Amino acid sequence: MSVTCDNVTANTSMIDELEFLLPNFPGQKAHVRCFAHTVNLTAKGVLRPFEPVKALFCKNSTASKENTDPKTPAPKSRVSSEKPQSKNPSKSANNSSAPEKLPRRRAIFSEDDDRVMITVLLEQKLEGMASDNGGWKKPAINAVVVALEGSELTSGGSPKTFRSVQDHYSKLKNDYRVFKELASISGWGWDPENHRVQASEEQWNTYLA
């Protein structure tokens, strides 16, 4: 079974969620990215430099047409500078006094939080709480939530929830895949002291080209 969808990051998160929920779903291996969407994005990128030229051409064409069209200009209408009064003063007053919605706070995971999460999940794995598809059963995620209770006082953000722990684990899992892929490239390595991929500037330039 595979899933074909476009390339937005929300679909990558959806694939990780399906891997967590469905025992037999292989995860990112079954993520088929939409080739048509990739071609569409590429075409837009190629055409973008020509948009200013197109806008200038349209502007010149409109100006030329106006100069050659002998039409009598329409009389200018007098516009009052006063703003129209609201038909419902009470409603207008209520809107002006309504409090602005504050942005929703999100959970923030520090390096210490990551270490606690990994330690708890390793313990949960020994207790058989790891699923067959590389995810975790609900008791394992709940154990992490309990272990991180009150950590927001140090790391900031909102308290950790089942969903935020699940999402953060998916992010760590994706980061690990990237580091593992880079470290496995011939001639590349891993710096255990600084905890980063080790490669020369020439190797980076070749990889990013």
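Quick note: numbers below take in every heavy atom, side chains included, and nothing from hydrogens, waters or symmetry partners. It should be emphasised that the depicted structure is a prediction, and the values quoted were computed from it without experimental measurement.
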Heavy-atom closest pair (Ala107 atom, Ser158 atom, distance to 0.1 Å) is N-OG, 3.2 Å
Practice item. Give the cluster check for Val178 versus Ile185: same hydrophobic cluster or not, with ILVMFWY residues linked at side-chain heavy-atom distances below 4.5 Å. Key: yes
Shortest non-hydrogen pair, Glu152 vs Gly157, comes out as CB-O, 3.7 Å
Residues at least two apart in sequence or cross-chain that pass salt bridge (charged side-chain N to carboxylate O under 4.0 Å, His left out) with Lys180, listed by chain then number, are none
Is there side-chain contact between Ile141 and Gln124, with at least one heavy-atom pair below 4.5 Å? no
Inset, instruction - Find out if a path of hydrophobic residues (ILVMFWY) with successive side-chain heavy-atom gaps under 4.5 Å connects Phe162 to Phe109. - result: yes
Tightest non-hydrogen contact, residues Lys137 and Gly128, listed as NZ-O, 3.5 Å
Any side-chain heavy-atom pair from Asp112 and Thr154 closer than 4.5 angstrom? no
*asked:* Tell me whether the rings of Tyr169 and Trp136 are parallel (<30°), tilted (30 to 60°) or perpendicular (>60°).
replied: perpendicular
Residues passing the side chain to side chain donor-acceptor pair (under 3.5 Å) test with Asn142, sequence neighbours excluded, are none
- Query: Can you get from Ile118 to Phe179 by hopping between Ile, Leu, Val, Met, Phe, Trp and Tyr side chains that sit under 4.5 Å apart?
  - Reply: no
When rounded to the nearest 0.5 Å, the distance separating CE of Met117 from CG of Leu122 is 12.0 Å
Side chain to side chain donor-acceptor pair (under 3.5 Å) filter on Gln203, not counting sequence neighbours, yields Ser200
Q.
Starting from Met129, can I reach Val165 by hopping between I/L/V/M/F/W/Y residues whose side chains sit under 4.5 Å apart?
A. no
For this session: Return yes if a side-chain donor-acceptor contact under 3.5 Å exists between Asp113 and Ser110, otherwise no.
Result: yes
Decide whether Leu172 and Val120 are clustered together by the hydrophobic rule: side chain heavy atoms of Ile, Leu, Val, Met, Phe, Trp, Tyr closer than 4.5 Å, transitively.
yes
Review point. Would Lys171 and Asp167 count as a salt bridge (Lys or Arg N to Asp or Glu O under 4.0 Å) if you check the C-alpha gap in whole Å, the side-chain angles of each, and the deciding distance to 0.1 Å?
Key: CA-CA 6 Å; Lys171 177 184 178 300; Asp167 291 343; over 6 Å; no
**Request:** For residues Lys160 and Ser155, determine if any side-chain heavy atom of one lies less than 4.5 Å from a side-chain heavy atom of the other.
**Result:** yes
